[in-house]
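To keep things clear, I will list the structure first and then write my remarks on it.
Protein chains get the first letters and strands the later ones, always in sequence-line order, with residue 1 at the start of each.
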Amino acid sequence: MNFLTRLRRRFMLTCEDVNEFLVDYFDGRLDESMRERFERHIDSCESCQAFIDQYEKTMAFLREDRVEEEVPEELVERTLIFLREELDS
Amino acid sequence: MNEQAIIAGDRKAFEEMVREESSRLYHVILRIVKDKDEAESIMQETFLQAYKSMDSFRGDSKLSTWLIGIGINLARSSRRKTSRYETMGEEDMERLQPSFRMGGYTQEYKPWRPDKTAEKSQRREIIHRAIDKLSDTYREIIILRDIEQLSTSEAAEALDISEGAARVRLHRARQALRALLDDYFGNE
Ligand SMILES: [Zn+2]
């Protein structure tokens with residue numbers, strides 16, 4: 001990142017900057033002053049609001065797709081038998 | 001889970017790990033190979049390989065994360081042997097990224113239609129089809145980080161890439177998926 005980009009980002013963020021920081025934002029890794037600038041941009045930018053809404057929904061749909069159930073006990077037993085056979089032969 | 005005992009080669013402790021880790025490992029593998037029998041056999045192979053190569057466990061990640069890394073590698077090679085998937089190439093992944101001019105989006109984004117996203121089973125089907133289209137490396141990070149909810153750094157360890165590379169890949173994968181879902185959930 002060059003000096004001018006760094007300097008500009010201290011005062012204002014573009015949509016492209018905001019986009020680049022999305023992973024860090026959702027991981028809670030932005031420091032306080034960056035997060036403030038990030039949120040200030042979004043508050044006044046409809047493009048970012050619309051894009052981030054889709055980005056967040058994508059994440060939410062993936063999260064809810066997680067399978068909570070345990071695999072059947074038989075599957076675990078078959079695996080243990082497989083390992084014993086392989087390792088004891 | 002007694003990591004020390006497992007690393008030392010204790011069979012009982014290892015079997016304990018098999019019981020504890022089977023579910024997550026199986027689900028990760030199944031999402032890649034998409035066939036239950038194949039997923040079971042790859043999971044078994046993963047545990048076997050882990051036991052035999054315990055010497056190469058460096059201890060800079062959790063054992064369970066290392067195990068997932070082995071499972072992903074085996075699942076990926078199995079998937080590549082068959083051609084029944086509609087995986088897209090890297091150029092397609094590039095095309096699905098947003099573009100910018102003078103720091104602003106070149107495209108206009110509209111909220112997704114609630115009537116199209118509302119039905120959960122239908123939504124699942126659409127999500128699965130979209131995940132299937134992602135390139136292998138994008139699919140894998142999405143499975144680990146966004147579905148299984150590993151932290152970004154754990155996902156990086158499992159995939160044996162740097163945390164910075166994992167963040168970039170995750171972002172691009174989410175954006176590709178967003179674009180694919182927009183085809184279904186968008187207005188037209
Ligand atoms: Zn913006």
Open item on the list: For B:Leu181, which atoms come within 4.5 Å of any heavy atom of chain A: side chain, backbone, both, or neither?
Closed with: side chain
TODO: Name the orientation class of the two ring planes belonging to B:Tyr51 and B:Phe14 (parallel below 30°, tilted from 30 to 60°, perpendicular beyond 60°).
DONE: perpendicular
Open item on the list: Check this for me, if you would: do B:Glu16 and B:Lys12 make a salt bridge, where the nitrogen-to-carboxylate-oxygen distance has to be below 4.0 angstrom?
Closed with: no
Open item on the list: Using a 4.5 angstrom heavy-atom cutoff, name the option from A:Leu87, A:Val18, A:Asp65 with the most pairs to chain B.
Closed with: A:Asp65
Open item on the list: Less than 4.0 angstrom from a charged side-chain N to a carboxylate O is my criterion; do B:Glu163 and A:Arg29 meet it?
Closed with: yes
Open item on the list: One thing to verify: whether B:Asp92 and B:Arg95 come together as a salt bridge, which I'm taking to mean a side-chain N less than 4.0 angstrom from a carboxylate O.
Closed with: yes
Open item on the list: Side chains of B:Met93 and B:Leu96, heavy atoms from C-beta outward: is any pair under 4.5 Å?
Closed with: yes
Open item on the list: For the interface with chain A, which of B:Arg145, B:Arg24, B:Lys120, B:Glu148 has the highest count of heavy-atom pairs at distances below 4.5 Å?
Closed with: B:Glu148
TODO: With a 4.5 angstrom heavy-atom cut-off, could you sort out which part of A:Phe82 is near chain B: side chain, backbone, both or neither?
DONE: side chain
TODO: Just say parallel, tilted or perpendicular for the rings of A:Phe61 and B:Phe185, cut-offs at 30° and 60°.
DONE: perpendicular
Open item on the list: Looking at A:Asp43 and A:Arg40, is there a salt bridge between them, counting it only when a charged N and a carboxylate O are closer than 4.0 Å?
Closed with: no
Task: chain A contact via B:Ile147 - side chain, backbone, both or neither, heavy atoms under 4.5 Å - done: both
Open item on the list: For chain B, which candidate among A:Asp53, A:Thr14, A:Asp17, A:Leu22 shows the most heavy-atom pairs at distances under 4.5 Å?
Closed with: A:Thr14
Task: Side chain, backbone, both or neither of B:Glu45 within contact of chain A (heavy atoms, under 4.5 Å) - done: both
Open item on the list: Report which part of A:Glu64 has an atom under 4.5 Å of a heavy atom belonging to chain B: side chain, backbone, both, or neither.
Closed with: both
Task: Parallel, tilted or perpendicular: rings of A:Phe26 and A:Tyr55 (30°, 60°) - done: parallel
Task: Residue part contacting chain A, namely of B:Ile143, when any heavy atom lies under 4.5 Å - done: neither
Open item on the list: Counting heavy-atom pairs closer than 4.5 Å to chain B, which one of A:Glu77, A:Arg84, A:Arg66, A:Glu70 comes out on top?
Closed with: A:Arg66
Task: B:Tyr26, part contacting chain A, at a heavy-atom distance under 4.5 Å - done: side chain
Task: Salt bridge present between B:Glu15 and B:Arg19 (N-O < 4.0 angstrom) - done: no
- [ ] Identify which part of B:His27 has an atom lying under 4.5 Å from any heavy atom of chain A, answering side chain, backbone, both or neither.
- [x] side chain
Open item on the list: Below 4.5 Å, heavy-atom pairs only: which of A:Leu13, A:Asn19, A:Leu75 has the largest tally toward chain B?
Closed with: A:Asn19
